[in-house]
Amino acid sequence: MRWIIEVHRLLPGGWVTLRDIYRCTVDADLLGRRIAEARELADRLRPLRAVISQEDMIAHPQALADWAWERVPGTGNVGCRLDRELRSRLDELGVAYETEVTDGGAGREVAEQVEAIDRWYSHDWMALDTKLRTSIVEGISVFLSLFDQPDVAGVFCPPPPTESAPAGNHDAAGNSHPVPGLRRRLPPLAQLIDEGKVLALNMPAGANPALARAIGVLLKHAWMQALLRRPAEAARRPGRYMRPAVFICDEYQAFATVGQDDPSGDEKAFALTRQCRCIPIVATQSLSSLRSVLPSGEAWRTLVQTLRTRIFLSLSDEASARIASEMCGSVMKTRASYTFTETTGRPEFSLLSGRAGGGRGTMGASKSFRRQSEPVFTPREFSLLANYQAICLPYDGVKSLPARRVYLKPHYLPRETGYWRLREKGRI
């Protein structure tokens, strides 16, 4: 997929969508044509010369007579400007050739990129076993085939931008929309962040759960990557104001991802958000629901530890309540213990049993104190939280504060009325 994206970026316009990736994945001929188009573009921008040995030239004089071959000084080889016809002819004859740059034009980088793509395609991708290549294609097409459907492609795989919009494709304000159906193209995410725009994703998961999760994860990654590039941009432009940003995600367990050994992942992005002036706010059903969607191991702990302030509402899951109790920590408390002893040879009356008897005996009582570690909030307390009550581990921006119970008041209730007074009135 990475190489297919690189090919399309080299073509005029540099426009690529997920549908283009899918079609090049399942159609080997289409991918070959795209690479050929990129090679032609590189040849125009950066002319190359094909160098072959004198023996190959003598072996195929008639087949190679249509090109002006010149002797390469200092060697026994001959060279000629490399074009598409010569490349095809050399491949048909099985003649090995080397490429050399004829001048130092501006297309040197493009030519090198095309050569890298061609090496991957010829010596890596096409050299794979057919069964292995088919397995790789099937694994990609299972996901990307969603974007080949017309209704999905019309939204997420638009055509390349044009200079002018089609006639009549304007909204009430007169703004042009190149995409049919009065849809607006999503501007660059870095521009949206700098302008303080609100970007919201409204996609019902019930209609297509796989597509909804895929779009949510892709949009989250794209937004985070645009945000993480802000420090480098600020270093290039020191006088530029960096607007604060906020990332808010409900039902976060449906979009959470961790990179582990890879450089991507929410745990790495959240760890760098303070430098980018971003506050991530996420809400999940429980810690267990977050653990169930992440890879096995301690990846979920790495993700949770990047969130400094944690607010726990009522938890009905025992595992989540136990983990939340451990996060809140423990304190040393003094506990008293009492001991009663009774010694008698012939009991007359037992204080402990309350039964009558006969004889003499002695009674003893002792009281002792000991310190022991106990959780600040037990797991049961998390399950007994009432509505609009929570246990919070706050962070004030400088230091972490001890766990405490907090009382939440909905935004639609009057601010001047206290929590307990509203609870007495039955409004909470």
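These figures come from a predicted structure and were not determined experimentally.
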Contact check, side chains of [X] and [Y], non-hydrogen atoms, under 4.5 Å:
{"X": "Cys249", "Y": "Lys220", "answer": "no"}
{"X": "Ile391", "Y": "Cys328", "answer": "yes"}
{"X": "Ile140", "Y": "Ile136", "answer": "yes"}

Around atom [atom1] of [X], are there more than 12 heavy atoms from other residues, nucleotides or ligands closer than 6.0 Å?
{"X": "Tyr241", "atom1": "OH", "value": "yes"}
{"X": "Glu318", "atom1": "CD", "value": "no"}
{"X": "Ile279", "atom1": "CD1", "value": "no"}
{"X": "Arg133", "atom1": "CZ", "value": "yes"}
{"X": "Glu98", "atom1": "CD", "value": "no"}
{"X": "Gln275", "atom1": "CD", "value": "no"}
{"X": "Glu70", "atom1": "CD", "value": "no"}

Hey, does the side chain of [X] reach the backbone of [Y] with a donor-acceptor pair shorter than 3.5 angstrom?
{"X": "Arg277", "Y": "Met242", "value": "yes"}
{"X": "Asp148", "Y": "Arg19", "value": "no"}
{"X": "Arg310", "Y": "Leu393", "value": "no"}
{"X": "Ser325", "Y": "Ala321", "value": "no"}
{"X": "Thr25", "Y": "Ile21", "value": "yes"}
{"X": "Thr309", "Y": "Pro394", "value": "no"}
{"X": "His8", "Y": "Ile4", "value": "yes"}
{"X": "Arg335", "Y": "Arg370", "value": "no"}

Kindly write out the residues that satisfy salt bridge (Lys or Arg N to Asp or Glu O under 4.0 Å) with Arg89, not counting sequence neighbours, or none if the list is empty. none
For the residue pair [Y] / [X], report whether a side-chain donor-acceptor contact shorter than 3.5 Å exists.
{"X": "Ser88", "Y": "Asp91", "result": "no"}
{"X": "Ser288", "Y": "Asp317", "result": "yes"}
{"X": "Gln253", "Y": "Thr284", "result": "yes"}

N-O pairing of [X] and [Y] below 4.0 Å:
{"X": "Arg34", "Y": "Glu37", "result": "yes"}
{"X": "Arg421", "Y": "Glu424", "result": "no"}
{"X": "Arg2", "Y": "Glu6", "result": "no"}

Which atoms form the tightest heavy-atom contact between Val246 and Trp223, and what is the distance? O-CH2, 3.9 Å
Those residues that, when tested against Tyr407, pass ring-ring contact (aromatic ring centres under 6.0 Å, His included) (two or more places apart): Tyr419, Trp420
Looking at residues at least two apart in the chain, or sitting in another chain, which of them share a ring-ring contact (aromatic ring centres under 6.0 Å, His included) with Trp3? Trp120
Which pairs count as salt bridge (Lys or Arg N to Asp or Glu O under 4.0 Å) when at least one residue sits in residues 388-413, sequence neighbours excluded? Glu381-Arg405, Asp396-Lys399
Identify, with sequence neighbours excluded, every residue that meets side-chain hydrogen bond (donor to acceptor under 3.5 Å, both in side chains) alongside Arg415. none
Atom pair [atom1] ([X]) and [atom2] ([Y]), whose distance is rounded to the nearest 0.5 Å:
{"X": "Asp266", "Y": "Phe255", "atom1": "CG", "atom2": "CZ", "answer": "11.5 Å"}
{"X": "Met224", "Y": "Thr273", "atom1": "CE", "atom2": "OG1", "answer": "7.0 Å"}
{"X": "Leu219", "Y": "Leu186", "atom1": "CG", "atom2": "CG", "answer": "7.5 Å"}
{"X": "Gln372", "Y": "Glu374", "atom1": "CD", "atom2": "CD", "answer": "4.5 Å"}
{"X": "Tyr252", "Y": "Leu307", "atom1": "OH", "atom2": "CG", "answer": "7.0 Å"}
{"X": "Thr17", "Y": "Leu144", "atom1": "OG1", "atom2": "CG", "answer": "10.0 Å"}

Please report, to 0.1 Å, the donor-acceptor pairs under 3.5 Å made by any side chain of residues 195-205, with sequence neighbours excluded.
residue : atom : partner : partner atom : Å
Glu195  : OE2  : Gln191  : NE2          : 3.2

